Number of protein chains: 2
Amino acid sequence: MITDFESFKQELSLSKVEICRELYRQNRETIRIKNEEVAVGNLVRLIDSTLRLTGLKGFEAMSLRDLCADAGFSIGGLYAYIRNKQDLVILIQGHGFLITLRTLLTYTGQATSPHKKLTNAIMAHVFLSEIMQPWFYFSFMETKSLPAPQKRQAIAVEQKVEDIFHDVIVQGIEAGVFNDVNARLLASLCKAMMQDWYLKRSKYARQGVDATQYARFLIGVVESYLGIYPANPQ
Amino acid sequence: MITDFESFKQELSLSKVEICRELYRQNRETIRIKNEEVAVGNLVRLIDSTLRLTGLKGFEAMSLRDLCADAGFSIGGLYAYIRNKQDLVILIQGHGFLITLRTLLTYTGQATSPHKKLTNAIMAHVFLSEIMQPWFYFSFMETKSLPAPQKRQAIAVEQKVEDIFHDVIVQGIEAGVFNDVNARLLASLCKAMMQDWYLKRSKYARQGVDATQYARFLIGVVESYLGIYPANPQ
DNA sequence: GTCTATAGCATGATAGAC
DNA sequence: GTCTATCATGCTATAGAC
């Protein structure tokens with residue numbers, strides 16, 4: 001059971017290096033560097049810079065020269081890790097999917113009641129997107145420009161996330177503990193609400209709202225609609 | 001009082017030609033065409049194509065050659081309407097702001113109670129973004145790449161929209177007809193929920209949900225959280 | 001007012017020295 | 001493994017014919 005961001009972060013312990021090591025092993029054919037330690041270290045800087053610059057100007061507007069300057073690469077060195085610019089997107093995208101689905105399924109699986117599954121899923125999603133905000137932002141913004149197979153994959157993952165929410169809501173309705181609402185629409189709404197946390201994070205920072213507060217607020221809204229605390233939502 | 005999309009659409013009656021005529025008059029210095037009828041007709045095609053292509057690939061990825069081919073312009077002809085590619089963004093952006101704020105203030109002003117103001121505001125925003133979906137999508141996606149003054153303007157308008165919601169919620173709380181919730185956070189959440197209608201419209205189309213259904217659903221969620229219909233949200 | 005032709009430049013990608 | 005130098009391409013923007 002998740003209660004706040006700090007404990008979630010410790011439990012998950014996703015270091016950049018570990019993620020990039022997995023990434024390196026997944027993409028061994030396209031990466032021409034033999035030494036794993038060297039490659040992993042460079043991948044960390046490469047992906048950091050790509051996410052940062054893309055967040056500022058968009059992927060198309062980021063030139064590979066900008067990227068090299070920011071990451072401390074030469075243009076030739078960069079091409080030891082990718083075959084072309086598109087490969088950067090594929091590299092970044094593939095990994096986040098695994099983590100997202102794995103995390104959501106872990107935390108909904110842990111819980112016993114539909115109510116706890118739902119609150120766990122919301123918390124897990126908000127907290128994960130807090131840790132990996134640049135990735136979530138990138139993924140949202142750049143999906144439309146992906147080549148067809150990657151685009152299909154991205155849409156499928158988003159659908160899968162919504163399905164997780166949908167199924168939990170249906171379970172609760174059938175068990176008689178939730179109001180009889182439109183589960184499909186509420187699942188989409190959950191996604192939309194969680195999405196804003198990584199799309200407009202600076203706005204919430206300005207309001208002085210942190211990830212735990214935001215997640216609890218969303219949970220309050222959803223609970224009141226489902227009739228779980230019908231009297232007085234905080 | 002708004003009840004459904006069709007009546008809203010008739011009342012608003014925003015034709016493309018009228019919008020582009022206003023646009024032409026606003027940007028007379030940069031547009032080098034004297035004949036208003038000719039200019040307005042071309043602006044309609046120009047903006048239509050820009051919104052369409054940008055929606056597919058993003059603004060940066062859209063070349064002016066693509067745009068000319070799509071809109072039936074020559075590259076030279078295009079430059080009679082803009083001084084550079086950025087001007088296209090400014091041209092498109094400025095107008096939508098006026099319409100959005102004007103519409104929201106009109107419909108909240110019409111209503112008497114905070115509850116009606118709130119439902120009117122949600123309906124007006126969802127319906128307006130239904131009519132001008134490509135514009136809302138464009139505005140969301142391209143704001144980050146705008147030059148500083150336009151970016152400030154875009155953020156200010158978004159803030160103003162949230163303020164309208166915030167103020168109505170506070171009114172309701174002070175009048176004792178709404179639960180005592182975090183008004184700032186709920187206003188942001190309203191924006192996030194309405195936002196998904198133009199960001200992910202095709203998803204909702206797949207679910208068979210139309211604008212009226214979506215707006216009523218959002219209203220139901222917000223009402224239940226505010227304790228207006230505490231018993232049984234539809 | 002609209003077109004074609006082209007200048008001038010920045011980009012993605014490669015070749016080959018070290 | 002990493003660098004510099006360079007190629008070919010496609011872009012925005014302009015000049016000048018019609």
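Convention: sequence-line order gives letters A, B, ...; per-chain numbering from 1. Treat the numbers as computed from the prediction; the structure is a model and nothing was measured.
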Rounded to the nearest Å, what distance is computed from the CG atom of residue B/Asn84 to the P atom of nucleotide D/dC11? 17 Å
Looking only at side-chain atoms of A/Lys34, point me to the closest of D/dT14, D/dG1, C/dT2. D/dG1
Got a sec? Which of residues 49-74 of chain B come in under 4.0 Å of DNA chain D, heavy atoms? B/Met62, B/Ser63, B/Leu64, B/Arg65
Hey, what are the protein-to-nucleotides 16-18 of chain C N/O distances that come in under 3.5 Å?
none

Could you measure the distance from the CG atom of A/Asp167 to the CG atom of A/Leu118? Nearest 0.5 Å is fine. 12.0 Å
Are B/Trp197 and B/Phe217 an aromatic pair, judged by ring center distance below 6.0 Å? no
Just verifying a value: how many Å separate B/Arg65 CZ and B/Asp70 CG, rounded to the nearest 0.5 Å? 16.0 Å
With respect to the side chain of B/Asn35, which nucleotide from D/dT14, D/dT2, C/dG1 is positioned closest? C/dG1
Here the distance between atom C1' of D/dC11 and atom CD1 of B/Ile82, to the nearest Å, is 13 Å
Between D/dT2 (C1') and A/Arg45 (CZ): distance, integer Å: 11 Å
My understanding is that only one of B/Leu88, B/Asn42, B/Ile92 makes a side chain to side chain contact (heavy atoms under 4.5 Å, CB included) with B/Ile47; could you say which? B/Ile92
Only distances under 3.5 Å count here; give the side-chain donor-acceptor pairs of residues 152-163 of chain B to other protein atoms, sequence neighbours excluded, each with its distance to 0.1 Å.
residue: B/Glu158; atom: OE1; partner: A/Lys200; partner atom: NZ; Å: 3.3
residue: B/Glu158; atom: OE2; partner: A/Lys200; partner atom: NZ; Å: 2.8
residue: B/Gln159; atom: NE2; partner: B/Asp163; partner atom: OD1; Å: 3.2
residue: B/Glu162; atom: OE1; partner: B/Ser188; partner atom: OG; Å: 2.8
residue: B/Glu162; atom: OE2; partner: A/Lys203; partner atom: NZ; Å: 2.3
residue: B/Asp163; atom: OD1; partner: B/Arg184; partner atom: NH1; Å: 3.1

Hey, are B/Lys57 and B/Asp66 close enough for a salt bridge, meaning a charged N less than 4.0 Å from a carboxylate O? yes
Nearest 0.5 Å, what's the OG1-CZ distance between A/Thr30 and A/Arg83? 5.5 Å
If you round to the nearest 0.5 Å, how far is OG1 of B/Thr50 from CD of B/Glu142? 11.0 Å
Looking only at side-chain atoms of A/Val38, point me to the closest of C/dT4, D/dT4, D/dG1. D/dG1
Whole-Å distance between C/dG12 P and A/Asp87 CG? 14 Å
Is the ring centre of A/Phe127 less than 6.0 Å from the ring centre of A/Phe5? yes
Side chain of A/Asn42 only, please: which of C/dT2, C/dG1, D/dT2 is the nearest? D/dT2
D/dT4 phosphate, OP1 or OP2, under 4.0 Å from A/Tyr79 side-chain N/O: no
Hey, is the side chain of A/Tyr81 poking within less than 4.0 Å of OP1 or OP2 on D/dT2, counting only N and O atoms? yes
How many whole angstroms separate atom CD1 of B/Ile75 from atom P of C/dT6? 16 Å
Rounded to whole angstroms, how far apart are CZ on B/Arg32 and C1' on C/dG1? 10 Å
